Amino acid sequence: MSRNLSVAVHRGALLHFLRDPGDGSDPGAYEYFADGLLVIASGRIVACGPASSLLATLPDSVPVTVHRDALLVPGFVDSHVHYPQTEVIGSSGRQLLDWLADHVFPVEARFGDPAHARDVAQVCIDELLRNGTTTALVFGTVHRASVEAFFAVAAERRLRMICGKVLMDRHCPETLRDSAESGDHDSRALLERWHRRERLHYAITPRFAATSSVAQLAAAGRLAAEFPDAYIHSHLAENHAEIAWIAELFPEARSYLDVYDRFGLLREGAIYAHCIHLDESDRRRMVSTGTGAAFCPTSNLFLGSGLFNLDVGDAFGLRYALATDVGAGTSFGMLQTMAAAYQVAQLQQQRLHPLRAFYLATLGGARLLGLDDRIGSFRSGREADFLVLDLAATPLIARRTASARTLAEQLMVLMTLGDDRAIRETFILGEPAKTRLPS
């Protein structure tokens with residue numbers, strides 16, 4: 001290493017993934033260093049490895065930050081979250097469609113106010129960072145101002161984030177209704193202003209098929225064709241009543257997924273939340289087009305929507321990662337989301353290995369979003385978004401991690417007993433994450 005290179009060095013236990021660890025039996029799927037060194041320069045990873053060998057490559061003058069009783073991992077990736085629904089998290093609801101009408105639509109109507117949108121964006125991003133999430137795929141509202149606000153806050157904090165304006169021109173309150181023309185106009189303007197600006201990306205975002213007319217879905221498909229590197233973000237097969245409604249609205253379509261397919265909305269970079277109630281043809285079509293799924297366990301349990309079948313998804317080769325789905329989701333924390341995902345698997349006599357849970361929240365999420373060349377691991381050249389997990393965050397966590405015999409046992413303790421208290425610190429591009437900025 002060059003003696004003239006200015007570096008930041010962090011020492012502690014390090015874990016990152018090279019591929020999906022599956023049932024945990026593949027030791028080559030991850031790298032773990034009980035005493036490791038993470039070397040960072042200009043916001044990027046320079047090296048990751050055992051402290052015993054890397055220390056000798058550094059100038060004596062380089063300071064080393066030592067993290068005791070801690071585990072350093074790449075920043076968490078949330079593959080589906082509604083930032084405006086920060087305002088309704090924890091609201092008791094019935095099933096999906098009633099919950100939208102009772103809780104979500106009333107609060108989303110306020111996001112035409114830029115000051116309100118900015119305030120909630122600040123709170124949402126604070127919560128994400130406090131819980132160790134450094135990248136997320138985010139829903140705005142139908143208002144252009146909602147996306148402008150979120151991107152502005154994310155840019156101030158130098159975050160890699162994806163967001164989009166909701167497209168919704170029917171079956172919704174007038175206060176939340178756009179048109180095929182205005183939705184296309186606003187989406188294009190936001191794409192041109194924000195997509196690939198600094199660390200930001202745009203997602204073409206129909207709320208779900210029921211709330212967009214044929215004209216609007218067709219416009220979204222044309223937009224997707226014109227901007228092939230933009231994301232596509234929506235909902236799919238979450239709830240039985242929702243699926244029945246889609247079938248009534250689109251009788252010509254073979255399935256809910258087929259509605260999106262007919263408008264050119266399946267491809268690499270298209271991420272659909274939930275994907276619980278799919279058939280074999282749907283899963284095969286998602287795989288063949290590179291379309292991904294966001295697995296939202298706390299939301300699916302909270303609304304009683306159903307159980308995402310990990311084993312069936314794996315059998316078809318479906319690409320998926322973890323998501324909080326706030327506000328139906330009950331926590332911004334990826335640790336709590338991992339715990340719920342484990343329980344969803346258990347309810348189906350399946351097993352989610354703790355190594356795989358952490359993979360799905362880090363490199364798995366980055367791969368789903370096509371960002372694994374930039375985030376999600378400690379490979380050289382990756383952006384230095386990472387977090388420090390506190391192995392002694394609470395007396396109980398300290399007691400259990402101290403007695404853990406393996407790394408997998410330690411991770412299991414963190415994901416079952418951990419919450420925001422277990423996130424000792426979050427780093428963005430090698431620097432401590434910024435707290436709320438003044439308006």
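Computed from a predicted model, the values in this text were never measured in an experiment.
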Ion pair check, [X] and [Y], cut-off under 4.0 Å:
{"X": "R367", "Y": "D20", "value": "no"}
{"X": "E431", "Y": "R158", "value": "no"}
{"X": "R222", "Y": "D184", "value": "no"}
{"X": "R177", "Y": "E174", "value": "yes"}
{"X": "R262", "Y": "E252", "value": "no"}
{"X": "R254", "Y": "D261", "value": "no"}

Looking at [Y], is its backbone amide N or carbonyl O close enough to the side chain of [X] to form a donor-acceptor pair, meaning the two atoms are under 3.5 Å apart?
{"X": "T426", "Y": "A433", "result": "no"}
{"X": "D178", "Y": "M168", "result": "yes"}
{"X": "S377", "Y": "F17", "result": "no"}
{"X": "H277", "Y": "S305", "result": "yes"}
{"X": "T135", "Y": "R160", "result": "yes"}
{"X": "T205", "Y": "A203", "result": "yes"}
{"X": "S212", "Y": "A209", "result": "no"}
{"X": "R11", "Y": "L37", "result": "no"}
{"X": "R382", "Y": "I45", "result": "no"}
{"X": "Y231", "Y": "H201", "result": "no"}

Got a second to check how far [X]'s [atom1] is from [Y]'s [atom2], nearest 0.5 Å?
{"X": "F316", "Y": "D311", "atom1": "CZ", "atom2": "CG", "answer": "12.5 Å"}
{"X": "D186", "Y": "H143", "atom1": "CG", "atom2": "NE2", "answer": "10.5 Å"}
{"X": "M334", "Y": "D419", "atom1": "CE", "atom2": "CG", "answer": "14.5 Å"}
{"X": "T362", "Y": "H16", "atom1": "OG1", "atom2": "NE2", "answer": "10.0 Å"}
{"X": "L278", "Y": "R284", "atom1": "CG", "atom2": "CZ", "answer": "13.0 Å"}
{"X": "L15", "Y": "L72", "atom1": "CG", "atom2": "CG", "answer": "10.0 Å"}

> Can you check salt bridge (Lys or Arg N to Asp or Glu O under 4.0 Å) on E280 and R283, steps first, answer last?
Replying inline: CA-CA 5 Å; E280 180 176 326; R283 292 187 175 94; over 6 Å; no
>> Can you confirm whether R197 is buried at CZ, in the sense that more than 12 heavy atoms of other residues, nucleotides or ligands lie under 6.0 Å from that atom?
In response: yes
>> Please determine whether the number of non-hydrogen atoms from other residues, nucleotides or ligands lying under 6.0 Å from atom CZ of R110 exceeds 12.
In response: no
Would you check if [X] and [Y] make a side-chain contact, meaning some heavy-atom pair closer than 4.5 Å?
{"X": "Q216", "Y": "R170", "result": "no"}
{"X": "L159", "Y": "T134", "result": "no"}
{"X": "R285", "Y": "L266", "result": "yes"}
{"X": "H171", "Y": "W245", "result": "yes"}
{"X": "C124", "Y": "F332", "result": "yes"}
{"X": "M338", "Y": "L411", "result": "no"}
{"X": "Q85", "Y": "Y83", "result": "no"}
{"X": "R118", "Y": "V153", "result": "yes"}

>> Test salt bridge (Lys or Arg N to Asp or Glu O under 4.0 Å) on R356 and D26; report intermediate values, then the result.
In response: CA-CA 11 Å; R356 191 169 195 228; D26 178 7; over 6 Å; no
Residue pair [X] / [Y], side-chain donor-acceptor N/O under 3.5 Å:
{"X": "D282", "Y": "S255", "result": "yes"}
{"X": "H353", "Y": "D23", "result": "no"}
{"X": "S234", "Y": "Y260", "result": "yes"}
{"X": "Y256", "Y": "D279", "result": "no"}
{"X": "H235", "Y": "H233", "result": "no"}

Can you confirm whether or not the ring centre of [X] sits under 6.0 Å from the ring centre of [Y]?
{"X": "Y272", "Y": "H80", "answer": "no"}
{"X": "Y202", "Y": "F227", "answer": "no"}
{"X": "H116", "Y": "F111", "answer": "yes"}

> After noting the C-alpha distance and the side-chain angles of L307 and L301, does the key distance pass the side-chain contact (heavy atoms from CB on, under 4.5 Å) rule?
Replying inline: CA-CA 8 Å; L307 305 176; L301 294 170; 4.0 Å; yes
> Passes ring pair (Phe, Tyr, Trp, His ring centres under 6.0 Å), F358 versus Y30? Steps please.
Replying inline: CA-CA 11 Å; F358 272 81; Y30 62 94; over 10 Å; no
Where [X] and [Y] come nearest, the two heavy atoms and their spacing:
{"X": "L303", "Y": "Q95", "value": "O-NE2, 3.2 Å"}
{"X": "S299", "Y": "G329", "value": "CB-N, 3.6 Å"}
{"X": "V344", "Y": "P297", "value": "CG2-CB, 4.0 Å"}
{"X": "A154", "Y": "M161", "value": "CB-CG, 4.0 Å"}
{"X": "F386", "Y": "G430", "value": "CE2-CA, 4.4 Å"}
{"X": "A345", "Y": "L310", "value": "CB-CD1, 4.4 Å"}

>> side-chain contact (heavy atoms from CB on, under 4.5 Å) for L335 and I423? Distances and angles first, verdict last.
In response: CA-CA 10 Å; L335 293 174; I423 312 298; 4.2 Å; yes
> Run the side-chain contact (heavy atoms from CB on, under 4.5 Å) check on R157 and I125 step by step: do they pass?
Replying inline: CA-CA 9 Å; R157 307 211 195 178; I125 287 176; 3.7 Å; yes
>> Between F250 and D258, is the side-chain contact (heavy atoms from CB on, under 4.5 Å) condition met? List the steps.
In response: CA-CA 10 Å; F250 298 93; D258 187 48; over 6 Å; no
>> Applying the side chain to side chain contact (heavy atoms under 4.5 Å, CB included) criterion to H10, which one of V39, V64, I40 satisfies it?
In response: I40
